[in-house]
Amino acid sequence: MKTSPPAGWWFEIETSAGNFSARITARGLAELRFPGERAPKATGTDAPPAALIILRTTVAALRAAIAGTPHSKLPPLDWGGATTFQQSVWRELQRIGPGCTRSYGGIAARLRKPGAARAVGAACGANPVPVLVPCHRVLAADGGLGGFSGGLEWKRRLLAAEGVAAAATAK
DNA sequence: GACAGATGAAGGA
DNA sequence: TCCTTCATCTGTC
């Protein structure tokens with residue numbers, strides 16, 4: 001693995017839930033970090049217009065997601081480096097509508113890999129763009145929260161915004 | 001090749 | 001009914 005810094009520009013996005021950090025490349029949104037997470041200093045001042053357009057779409061989609069209102073347009077996503085399995089999981093996540101949930105096993109079954117629920121969980125954990133790729137809509141088979149890269153509190157919060165009453169009994 | 005993980009199901013108390 | 005254990009599948013080192 002190379003140690004060179006990732007390509008793209010970092011932006012800070014203000015929302016009602018705090019300041020998110022986003023890394024945007026020429027190809028799309030590559031990474032999104034929750035408020036409080038460590039992120040490089042914003043470097044977007046010298047970003048090209050194309051990146052700013054992606055940023056604008058990202059901001060709108062992010063704020064809509066936090067408010068629990070369906071967003072019709074997502075920014076292009078830069079999944080460079082992700083495995084095909086991860087990408088198929090993330091694509092499946094994007095098909096889950098607002099207010100709907102699936103189980104890890106359910107996602108695995110839809111990918112024609114019943115039994116790969118644990119691998120789906122791992123792919124969710126590797127999701128670089130939480131919130132917009134709704135890994136928070138994936139619950140454990142028993143209705144429990146399972147896990148979340150940004151913390152269970154965020155998962156519960158995002159689900160609540162969409163009107164989903166999660167079992168909320170984190171193991 | 002070995003190990004770890006955001007699961008799920010089965011069996012026992 | 002709850003708890004523990006094991007099987008399953010994939011990604012990472």
Side-chain angles (χ1 to χ4, degrees), chain A residues 1-8 13 15 17-23 25 27-40 58 61-62 64-68 70-71 74-171:
Chain A
M1 197 66 90
K2 291 178 181 174
T3 55
S4 56
I13 300 177
T15 74
N19 288 4
F20 285 72
S21 295
R23 182 167 67 86
T25 71
R27 294 168 57 185
L29 175 63
E31 202 171 337
L32 190 64
R33 294 193 187 180
F34 287 93
E37 285 189 38
R38 290 179 65 89
T58 300
L62 180 61
I66 290 173
H71 43 276
L74 281 177
L77 302 177
D78 182 356
W79 285 342
T83 65
T84 53
F85 178 76
Q86 289 174 331
Q87 292 188 31
S88 59
V89 170
W90 299 340
R91 263 195 295 273
E92 195 59 40
L93 294 182
Q94 290 188 290
R95 295 173 61 181
I96 307 175
C100 301
T101 59
R102 290 264 169 71
S103 67
Y104 293 98
I107 298 290
R110 287 189 66 89
L111 294 175
R112 297 175 182 276
K113 294 179 185 293
R118 199 161 185 167
V120 169
C124 289
N127 173 19
V129 191
V131 183
L132 298 188
V133 175
C135 47
H136 59 279
R137 292 179 188 146
V138 186
L139 305 177
D142 62 359
L145 283 176
F148 193 59
S149 55
L152 289 178
E153 195 49 49
W154 270 107
K155 186 169 188 173
R156 198 174 293 127
R157 182 174 185 166
L158 290 167
L159 287 172
E162 294 179 3
V164 177
T169 49
K171 286 180 185 175

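We use all heavy atoms of the structure for the numbers below, so side chains are in, but hydrogens, waters and symmetry mates are not. Residue numbers begin at 1 in each chain, while the letters A, B, ... track the order of the sequences.
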| field | Length of the line joining Gln86(A):CD and dG5(B):P, which is rounded to integer Å | value | 16 Å
| field | Touch class at under 4.0 angstrom, heavy-atom based, for Ala122(A) against every strand present | value | nothing
| message | Using the side-chain heavy atoms of Phe148(A), tell me which of these nucleotides is nearest: dG11(C), dA6(B), dT10(C). | response | dA6(B)
| request: Give one of base, sugar-phosphate or nothing for Phe85(A), where a contact means two heavy atoms less than 4.0 Å apart. | output: sugar-phosphate
| field | All side-chain contact (heavy atoms from CB on, under 4.5 Å) counterparts of Glu153(A), not counting sequence neighbours | value | Arg156(A)
| said: A side-chain contact here means heavy atoms from C-beta on lying under 4.5 Å apart; do Pro40(A) and Arg33(A) qualify? | reply: yes
| task | Select base, sugar-phosphate, or nothing to describe what Ser103(A) touches, counting heavy atoms under 4.0 Å on all strands. | result | sugar-phosphate
| query | So, is Gln87(A) close to the dG11(C) phosphate, meaning a side-chain N or O under 4.0 Å from OP1 or OP2? | reply | no
| note | In this structure, CG of Asn127(A) is separated from CD of Glu31(A) (nearest 0.5 Å) by 10.5 Å
| note | Applying the Watson-Crick and G-U criteria (both distances under 3.5 angstrom) with [ ] for crossing and | for other-strand pairs, one obtains for DNA chain C |||||||.|||||
| request: For DNA chain B, determine which residues of residues 105-118 of chain A have any heavy atom closer than 4.0 angstrom to one of its atoms, and list them numerically. | output: Gly105(A), Ala117(A), Arg118(A)
| request: Write down the distance between CG (Asp142(A)) and C1' (dC3(C)), rounded to a whole number of angstrom. | output: 13 Å
| Whether Arg137(A) side chain and Ile96(A) backbone form a donor-acceptor pair below 3.5 Å | yes
| message | What's the closest nucleotide to the side chain of Ala141(A) if the choices are dA6(B), dG11(C), dG8(B)? | response | dG8(B)
| task | Taking the side chain as every heavy atom from C-beta outward, state whether Leu132(A) and Pro75(A) have any atom pair closer than 4.5 Å. | result | yes
| Are Cys124(A) and Val120(A) close enough that some pair of their side-chain heavy atoms sits under 4.5 Å apart? | yes
| Any side-chain heavy-atom pair of Leu32(A) and Val133(A) under 4.5 Å | no
| Would you say Trp90(A)'s side chain and Ala123(A)'s backbone share a donor-acceptor pair under 3.5 angstrom? | yes
| message | Would you say the rings of Phe148(A) and Trp154(A) are close, in the sense that their centroids are separated by under 6.0 Å? | response | no
